[in-house]
Amino acid sequence: MKKQILALSLVCTLAGCGGKAPVYESVDDYPVRRGALDEMVYSPEKTTFSLWSPAADSVRLRLYAEGLGGEALEEAAMRRGKDGTWTCCVRGDLQGKFYTFQVNDMEETPGIFAKAVGVNGRRGAVVDLRCTDPEGWAEDVRPALAGAKDAIVYEMHYRDYSIHPTSGVAHKGKFLALKEPNTTAESGSATGIDHLKELGITHVQILPSYDYGSIDETRLEDNKYNWGYDPVNYNVPEGGYSTDPYEPTCRIREMKEMIQALHKAGIRVVMDVVYNHTFDVAHSNFHNTCPGYFYRYNADGSLGNASGCGNETASERPMMRKFIVESCRYWLTEYHIDGFRFDLMGIHDIETMREVRAMMDEIDPSLLLYGEGWAAGTPLLPQEELAMKANILHIEGVGAFCDDMRDALRGPFSDDHKGAFLAGEKGHEESIKFGIAGCIEHPDVDMSRVNYSKAAWAAEPTQCISYVSCHDDMMLTDRLKASISLKKGELERLDKLAQTAVLTSQGIPFLWNGEEILRDKKGVHNSYCSPDSINAIDWSLKAQHEDVFRYYQGLIALRKAHPAFRMGDAELVRKHLHFLDAPEGVVAYALDGEAVGDEWKTIVVVLNANREDVAVNLPAGAYRLACGDGECPYSDMRVDEKITHVGAQSALILYSMD
């Protein structure tokens with residue numbers, strides 16, 4: 001093998017494959033690589049390496065025996081080819097070897113599209129990906145889903161979900177934690193994958209799962225925690241979530257096993273992706289492959305920083321756009337991922353998000369695509385070109401998080417101690433109505449009174465992600481404790497009330513793991529690197545708050561059973577959702593169930609945030625109670641009055657079949 005590699009090195013060098021790079025006036029003139037972005041194509045007979053770096057004077061391939069440490073076995077000069085792509089072919093079986101590219105005299109890099117890496121991701125690994133497929137992988141299928149309107153998303157972090165002793169999970173903090181069947185906490189309650197099945201959600205949204213920079217995979221015994229919003233290798237699973245980060249195939253196989261298990265359980269998988277920035281720039285694969293191209297720069301040469309993390313990527317450049325689209329395609333096809341949540345999506349340009357959506361539609365139109373419709377700073381592109389919330393109206397099939405309803409329910413993101421509707425404050429009702437309608441234009445919503453948006457930003461209700469808390473914020477329980485002087489029983493009542501708004505809205509409902517058992521994070525707002533004592537879910541809470549869990553479970557079952565809560569079409573929502581006159585501190589609305597194929601002719605939902613009972617006039621009809629007094633489902637009680645009385649800080653859901 002060594003002689004073959006050496007012979008190749010001599011052939012490439014003698015062929016004169018280096019030389020002065022073509023002269024380009026700017027990075028905007030760089031050619032675009034045609035075809036796939038594969039940088040390592042393996043077969044037992046040969047492995048072909050390629051790297052796009054049009055301005056390079058030279059690119060060298062180095063081969064190693066180990067993923068970290070040791071000298072290169074051999075190196076070879078690569079040949080400049082078309083489209084700014086350098087290539088090199090090594091004959092013989094390189095399975096198990098590691099490689100890097102060196103552009104000019106810059107740091108060695110595994111390239112921008114490595115699919116397997118060694119420990120800590122510094123070297124690419126030569127791997128036959130078919131050897132990483134678990135048994136039955138070829139037969140793995142996505143759970144049935146008619147469309148985005150049927151989705152119920154549950155955001156989670158592997159470590160939060162499984163690290164606590166009460167989880168009953170053997171592979172704590174690992175991909176395999178979501179594979180283990182029939183796990184039981186010390187309290188006897190179902191945890192692990194069984195808890196997800198019992199709850200009834202349709203999708204899990206896993207926090208970033210690619211190889212990221214803040215965790216040293218050689219020192220996992222340090223138990224250092226991070227969410228993973230610091231990308232290094234975008235197309236390789238994070239080694240810290242595997243049982244052996246030194247073995248390149250382990251992390252790949254175990255992530256596939258996790259996805260396969262979730263699919264068998266009827267649960268789809270959305271992955272949180274962070275294409276808007278990298279861990280750093282000087283040591284990044286983008287910079288060390290093609291400096292100056294993949295990032296945005298100010299006029300003075302300094303880096304743009306709309307991410308708040310020191311840099312922002314340039315999605316408008318053709319090769320960055322191609323990278324994002326092809327990276328998403330790779331996760332969908334190789335790992336059978338079922339959708340993406342884009343971090344700080346407002347940094348990306350609209351055309352890139354359209355191309356991602358078009359690619360996904362070719363594979364399966366039911367795949368989810370949504371993100372944060374904002375940035376942490378001001379991006380270096382005009383607002384009208386960016387995938388900001390205000391522009392979602394013009395990006396078909398792409399959704400955004402509804403901070404309008406979120407903050408109207410619990411209070412502003414900028415002040416953890418300020419409350420809103422749930423605190424009994426008046427004036428937030430219109431923003432909640434806007435969220436319940438799915439952030440579309442609706443004749444019953446006065447946009448002049450909505451907190452952030454003065455015009456509808458969704459063309460269809462499925463573009464609205466309805467939520468009240470997520471990972472990068474206080475838990476709902478913490479927020480309620482911080483913003484309200486709670487009396488006995490109010491925490492449970494207000495938690496249920498908030499999620500009734502979320503789970504009966506026309507948008508896609510979104511929950512953060514542990515909300516359903518009143519988990520807290522001890523008041524920490526941004527726990528991205530907090531210890532397990534803050535982030536871990538104590539599963540004994542499930543038995544302590546079984547009534548809360550059953551309420552969430554009941555609302556999810558109710559939503560699944562009744563298409564009136566998920567019409568999925570803006571015209572249907574405008575025609576068949578009507579807001580009712582209600583006192584201050586109350587939001588009430590009626591759904592024409594019969595018109596959208598629901599067995600319930602009329603459905604009425606009332607949300608009362610006041611600390612006293614209120615009376616609300618009902619549309620004509622004889623009603624039964626589906627949800628009330630903090631119970632869902634409620635005993636099938638008949639309601640004959642034209643006026644219904646709603647308990648303090650609670651919700652009612654009534655229906656008529658006549």
Side-chain angles (χ1 to χ4, degrees), residues 21-33 52-57 84 103-107 109 111-113 208 212-214 228-234 273-325 327 342-356 371-392 394-395 400 403 413-414 472 526 528:
V23 176
Y24 302 100
E25 290 188 10
S26 77
V27 296
D28 294 325
D29 296 328
Y30 288 178
V32 177
R33 180 174 174 176
W52 181 81
S53 187
D57 293 323
V103 175
N104 298 338
D105 58 353
M106 301 184 72
E107 280 186 17
T109 172
I112 66 172
F113 217 90
Y212 58 84
S214 55
Y229 290 90
D230 45 355
V232 175
N233 291 290
Y234 282 97
V273 289
V274 189
Y275 295 112
N276 64 79
H277 74 278
T278 58
F279 181 43
D280 65 5
V281 172
H283 305 293
S284 76
N285 297 326
F286 285 145
H287 175 73
N288 286 307
T289 296
C290 190
Y293 182 85
F294 290 102
Y295 299 93
R296 295 179 186 144
Y297 294 85
N298 292 297
D300 63 1
S302 62
L303 286 157
N305 189 24
S307 69
C309 298
N311 61 87
E312 63 183 271
T313 55
S315 62
E316 71 280 8
R317 292 213 171 106
M319 278 297 290
M320 186 64 204
R321 179 179 293 158
K322 182 181 179 75
F323 173 83
I324 293 172
V325 173
S327 176
F342 268 62
D343 181 68
L344 297 181
M345 185 173 67
I347 292 176
H348 298 309
D349 68 291
I350 290 172
E351 185 55 37
T352 293
M353 297 311 301
R354 285 177 175 157
E355 289 197 17
V356 173
E372 293 179 299
W374 49 76
T378 303
L380 296 179
L381 275 188
Q383 291 283 310
E384 62 270 18
E385 296 180 20
L386 296 167
M388 293 288 190
K389 188 178 70 172
N391 297 328
I392 291 298
H394 309 296
I395 317 176
D403 56 340
F413 182 86
S414 59
D472 57 351
N526 188 358
Y528 77 100

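The first residue of the sequence shown is numbered 1, and numbering continues consecutively from there.
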Rounded to the nearest 0.5 Å, how far does [atom2] of [Y] lie from [atom1] of [X]?
X	Y	atom1	atom2	answer
N311	H287	CG	NE2	11.5 Å
M388	D349	CE	CG	12.0 Å
E355	R321	CD	CZ	5.0 Å
N288	H283	CG	NE2	8.5 Å
H277	N305	NE2	CG	9.5 Å
L386	L381	CG	CG	5.0 Å

So [Y] and [X], do their side chains get closer than 4.5 Å, heavy atoms only?
X	Y	answer
S315	R296	yes
C290	P54	yes
H348	M320	no
R317	V27	yes
D343	E372	yes

So, for I112 and N285, which heavy atoms are closest and what is the spacing to 0.1 Å? CG2-O, 3.7 Å
For A400 and K389 the tightest heavy-atom approach is CB-CG, 4.5 Å
Looking only at side chains, do Y295 and T278 share a donor and an acceptor under 3.5 Å apart? yes
Tell me yes or no: between the side chains of Y275 and T352, is some donor less than 3.5 Å from an acceptor? no
Step by step, would you call N298 with S302 a side-chain hydrogen bond (donor to acceptor under 3.5 Å, both in side chains)? CA-CA 5 Å; N298 292 297; S302 62; 3.0 Å; yes
Around Y297, counting heavy atoms of other residues, nucleotides and ligands shown, do more than 12 lie under 6.0 Å from its OH? yes
Look only at the side chain of S327 and the backbone of I324, and say whether a donor-acceptor pair between them is shorter than 3.5 Å. no
So does Y212 get a backbone contact from the side chain of D230, meaning a donor-acceptor N/O pair under 3.5 Å? no
Classify the ring geometry between F323 and Y234 as parallel (under 30°), tilted (30 to 60°) or perpendicular (over 60°). perpendicular
Relative to the ring of F286, is the ring of F294 parallel (under 30°), tilted (30 to 60°) or perpendicular (over 60°)? parallel
Give a yes or no on whether the ring-centroid distance for Y293 and W52 is below 6.0 angstrom. yes
